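The structure appears right after this line, and notes come after that.
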Amino acid sequence: MSGHCSITLGDVARHLGLSKTTVSLALRNDSRVSPVTRDRIQAAATRLRYHIDPLFAANVAHSQAARPASFRGTLAYIVPGAGSRFVEPQHEFAGARERAEQRGYRLDLFDLNDAGITSRRLESMLKARGIAGVVIAPNYRESRPVALNWSRYSAVVIGPDLPALAFDRVNYNTYADTLLAIAQAWRAGYRRLGLVIKHDLHRRSDGMMLAAYAGASYLFPGLECVPAFFSDDPVRTRPLDGWYRRYRPEAIVSQHWIQVRAALEPLRVSVPDDVAFAGVVQLPGSEGASAVFQQFEALGAAAVDLAIDQLETGVHGLQRHPRTVLIRGVWREGDSLPRRRSAVVDAPLPLWRDVPPGLL
Amino acid sequence: MQPTVAAIAARTGLSKATVSLAIHGHPRISGPTRERVVAIARELGYNPQVLVSACMAAVRAGHSATGVNKLLFVVPDAGAGSRQGVMLAYAGARQRAQERGWTLERAILREPTDCARLLDRQIRREYVGVVIAPCGENPPELELPWNQVASVMLEGMPPARPLHRVSYHSHVDTREAVRRLAALGYRRPGFVTTSFDLARTNGTALAAFCAMRAELGGLGMVAPLVAATMAETGAIADWMLQQRPDVVVGENWAAVSAAARRCRLRIPDDLGYIGIGATSPPAECSCYLRPHRTMGATALDVVAAQLIRRQNDFFTAPRLVVLPGQWHPGRTLPARADS
């Protein structure tokens, strides 16, 4: 087994007739080595079964962690274009930057919504700065494709954007988050729920929110989930009115705290007096709602970890088996979901394993 | 920045030697002291550097430092669960370990007392990381020195502890399956699962099935069936006769095909079948294959990454890594003649 560690960087360099420095740079996708040479070196390293010795890597990491991380390189944090910027990319970016700095990397922000930044220009900027590690930020809208020469980069995507890119991805656990919001409504004593969801968010969550909603009626005893209301953007009073009058949900489960309240206001339906609200928030700025809030910083940090792991183990380009890391949000009690008399706040949450066998 | 052992010693008012022994769980230090030191160390942001500790321990004991990067693949019970799936995951993890220059060994726990033995003798002394394989319906409460070994759990029941997990993304495959069968002209899809599968996937396949059926519209509302076990072919056969699905989305080919035979329904002439997360189906079975090997390899990567970047952060931010399956066409899902 230990034979697998016996191929050294020097062996690879001797085999190719190149210096150890060149080989080392090429294995880390450094831009100082030409793509042709880099590919040749990487192919040779693979053939010779050269791998970074984990023990050595750990010792290096150890000595670096004992003092402030020395500078190891720069990563790019890319906000894809969507016509206009929707939100400031601050939360995920803050988490990403903190983790990058802990690990000795600088994180540069590139926003494709800024005037003059095209994919082509971005490519040359990345090359000029010697950047080989990339984190693609969520944009909360359908993003335009980012056309980089992906084979050069170790890349990780945050959120559901750009689904065609087969990269490792860090995403919200919308299924678990929605179940949690429903569980909180159920515990607070609400038994008749209604889901308000926008078409694009439904698509972007790959149907996970609707799935959790559809499955919840099997999981929570006595829970009734009325047919979901699919909304255009923004949520408008007119169509919501008909749905609300027809189904009269006791609580609304939705991502859209501000818009749902605003759409209900002309109907003299107030939250939470007439209808309660249990949120699943994927955007900053829903203060006051009782909702599952995303741990934006944790998403950013996880994405940077994945990108650096790829970079330091020489993985780049599109992945054959891309992985998705799902990170759950946390419940925060606001004032939109007051407890009813029938509340079972201390009751343990029902588990799928307790669903009785038989027809559902 | 990592606090030094000296900083922890200053904070606790103990000697550096005591702090070091306490952090590494040495029996010479009393339980309460150990817990107090570990709590303060964690508060200060200290993460034990498992690989270096193992290396130094080997050197001090006069052994060679090579081979200390050993990981253990723990199979929590010898009986239940899909043995074949576990074997495939182990093969995937082992291959990735070799590629990375690590050693992966395997331990099968047959008796509850094995847990204690592993804890004391093996893991603490020999291994720096642990991959916990999926287990049957009643997972044993493993008591590992969580703050000293890097760990990850493969599929299985949701664990009591917030561990990193690697799992099968049944949600995306089930959605795809419903889309596929609707496009082929099926109109009454039925869903069969077991209590076990329902629990271990957190209901995702069932929920995805119901949501996709509602989303597509025009599909008959066949009540899903939860069988107590897949040996219950009688209950599944009754369900087929009563609910009259024209295609079954299922997690167990053997049980569904046996039930179909029992009520004289021919697959695929009378009834289509599409499997979700199958392990080693016969060639004719149309299904999404569970990516056991890739899950095993990914689990190894998760452990290695924790060790290399010396993060032991599962107490605060456990990560769930999900992987989709692979489509196996088979012959049990032909296009409907009337489509």
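What you see is a predicted model, and the numbers here were worked out from it, not measured in a lab.
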With a cut-off of 6.0 Å (strictly less than), are more than 12 heavy atoms of other residues, nucleotides or ligands near CZ of B:Arg179? yes

Return each pair, listed once, that meets ring pair (Phe, Tyr, Trp, His ring centres under 6.0 Å) where at least one residue sits in residues 157-182 of chain A; pairs must be two or more places apart or across chains. A:Trp150-A:Phe167

Measure distances from B:Gln326 to the heavy atoms of chain A and classify the residue's part below 4.5 Å as side chain, backbone, both or neither. neither

Check whether B:Ala235 gets within reach of chain A through its side chain, its backbone, both or neither, counting any heavy atom under 4.5 Å. neither

Let me confirm one number: the CG-CG distance from B:Leu320 to A:Asn171, rounded to the nearest 0.5 Å. 11.0 Å

If you count heavy-atom pairs under 4.5 Å with chain B, which of A:Ala211, A:Ala228, A:Gly215 comes out on top? A:Ala211

What are the two closest non-hydrogen atoms of A:Pro322 and B:Pro324, and how far apart are they? O-CD, 4.4 Å

Non-hydrogen atoms of B:Arg175 and A:Gly207 that approach each other most closely: NH1-CA, 3.5 Å

Report the residues that fulfil side chain to side chain contact (heavy atoms under 4.5 Å, CB included) with A:Arg323, sequence neighbours left out, ordered by chain and then residue number. A:Asp168, B:Arg96, B:Thr298, B:Asp301, B:Val321, B:Leu323

Tell me, please, which residues at least two apart from A:Ala183 pass side chain to side chain contact (heavy atoms under 4.5 Å, CB included). A:Phe220, A:Leu349

State which residue, out of A:Asn173, A:Val325, A:Val170, fulfils the side chain to side chain contact (heavy atoms under 4.5 Å, CB included) condition with B:Arg319. A:Val325

Quick check for you: among B:Val166, B:Leu198, B:Val172, which has the greatest number of heavy-atom pairs under 4.5 Å with chain A? B:Leu198

Below 4.5 Å, heavy atoms only, C-beta onward: do B:Glu215 and A:His202 meet side chain to side chain? yes

Under 4.5 Å between any side-chain heavy atoms of A:Leu359 and B:Gln242, yes or no? yes

Expected contact set for residues 202-211 of chain B against chain A at heavy-atom separation under 4.5 Å reads B:Asn202, B:Gly203, B:Thr204, B:Leu206, B:Ala207, B:Ala208, B:Cys210, B:Ala211

Would you check if the side chain of B:His171 reaches a backbone N or O of A:Asp206 as a donor-acceptor pair within less than 3.5 Å? yes

